[in-house]
Protein chains: 2
Amino acid sequence: MLENIDDGCLEQCFHPEVVESVRRDMLGSVPADELAQLFKVLGDNTRIRILDALYRSELCVCDLTALLCMNQSAVSHQLRVLRDARIVKSRKYGKKVLYSLDDEHISGLVRMGSEHVRELKK
Amino acid sequence: MLENIDDGCLEQCFHPEVVESVRRDMLGSVPADELAQLFKVLGDNTRIRILDALYRSELCVCDLTALLCMNQSAVSHQLRVLRDARIVKSRKYGKKVLYSLDDEHISGLVRMGSEHVRELKK
DNA sequence: CTTATATATGAACTGCTGCTCATATGATAA
DNA sequence: TTATCATATGAGCAGCAGTTCATATATAAG
């Protein structure tokens with residue numbers, strides 16, 4: 001009896017037992033969203049370069065602007081995205097604002113991602 | 001003398017030595033792009049849920065369609081993105097196509113990402 | 001063969017994202 | 001105070017990404 005399934009998403013399915021078992025174990029919709037959101041923040045060339053730079057040293061906005069050869073406004077906008085995601089933190093130092101990585105998980109993710117990319121080349 | 005720097009991105013910079021050192025160590029533009037591309041593929045709610053499901057079992061398209069309560073076409077389009085990124089692989093079985101994860105790095109990334117998300121809640 | 005089923009794909013639409021430009025804020029120096 | 005430097009932010013725009021719809025392909029069954 002599969003009538004106890006509360007939504008109508010299984011009509012055409014051919015492995016109802018497997019699907020039910022997977023459905024039970026899967027991430028909830030909220031955690032899946034949060035995870036996707038984290039990867040979305042990492043999924044931009046500018047932000048990856050910022051993180052790669054901050055992984056090596058604490059830097060101010062104008063250093064990053066120079067390093068990336070980009071508009072200061074563009075860099076600030078991306079730093080805001082990273083700050084909002086709590087991936088990066090900042091502190092004031094005179095007129096400047098110094099940025100650094102907020103979390104050691106992030107460098108782990110970047111390292112593991114790089115490994116995957118390297119593997120694909122083989 | 002900083003005139004040997006080949007581009008004009010350093011005019012306003014106030015830590016030229018640090019910037020130069022970081023610049024030397026940073027990822028090249030191609031690897032940074034590939035890494036961002038990988039995270040971009042992971043940075044979508046639908047694709048995360050597909051990967052989460054496939055992490056638990058090999059599944060056909062119609063199973064995934066039922067699990068995600070989505071249009072079959074939408075699922076196929078996202079599977080193509082995952083296939084192109086070599087994150088997922090497929091094999092034919094009769095009329096069906098069975099999908100599974102292609103790489104163990106991916107589950108590692110998802111696990112580490114989940115950990116980061118969990119940490120943020122505290 | 002024809003029909004039905006499973007999946008893939010192209011076109012079109014819509015919403016989102018990242019950049020630029022202009023400007024605001026905030027801090028230091030004169 | 002005013003002027004200058006460093007950063008942040010809002011508006012506007014252009015390109016991209018995810019969905020739907022319609023249809024194509026492929027396999028199996030009759």
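Protein chains get the first letters and strands the later ones, always in sequence-line order, with residue 1 at the start of each. Just so you know, these numbers come straight off a predicted model, no measurement behind them.
Residues A:R47 and A:V41 form a side-chain contact, since some pair of their non-hydrogen atoms from C-beta on lies under 4.5 Å apart.
Considering only side-chain N and O atoms, B:R47 lies under 4.0 angstrom from the phosphate OP1 or OP2 of D:dG18. At the phosphate of D:dT20, OP1 or OP2 sits under 4.0 Å from a side-chain N or O atom of B:N71. Applying the 4.0 Å criterion to OP1 and OP2 of C:dA8, one finds that B:Y99 has a side-chain N or O inside that range.
The distance from atom CZ of B:R80 to atom C1' of D:dT20 is 18 Å, rounded to the nearest whole Å. Taking atom CG of residue A:L82 and atom P of nucleotide D:dT9, one finds them 14 Å apart after rounding to whole Å. If you take NZ of B:K95 and C1' of C:dT3, they are 10 Å apart, rounded to a whole angstrom. Protein atom CG of B:D33 is 13 Å distant from nucleotide atom P of D:dC16, rounded to whole Å. The separation between B:L79 atom CG and C:dA6 atom P is 16 Å, rounded to whole Å. Whole-Å rounding puts the B:K40 NZ to D:dA17 C1' distance at 9 Å.
The base of D:dA8 is paired with the side chain of A:Q72 by a donor and an acceptor separated by under 3.5 Å. No hydrogens or angles were tested; on distance alone, nothing pairs the side chain of B:S73 with the base of C:dT7 as donor and acceptor under 3.5 Å.
The aromatic ring of B:H77 does not sit over the base of D:dT19, since the test of centres under 5.5 Å and planes under 30° is not met.
For the residue pair A:S76/A:Q72, the side-chain donor-acceptor check at 3.5 Å is satisfied.
For A:S76, taking side-chain heavy atoms from C-beta onward, the closest of the listed nucleotides C:dT7, D:dT7, D:dA26 is D:dT7. In this structure, the nucleotide among C:dC19, C:dT9, C:dA8 sitting nearest to the side chain of B:V97 is C:dA8.
Take the nearest nucleotide of DNA chain C for A:K92 and for A:T46: the residue whose nucleotide is more 5' is A:T46.
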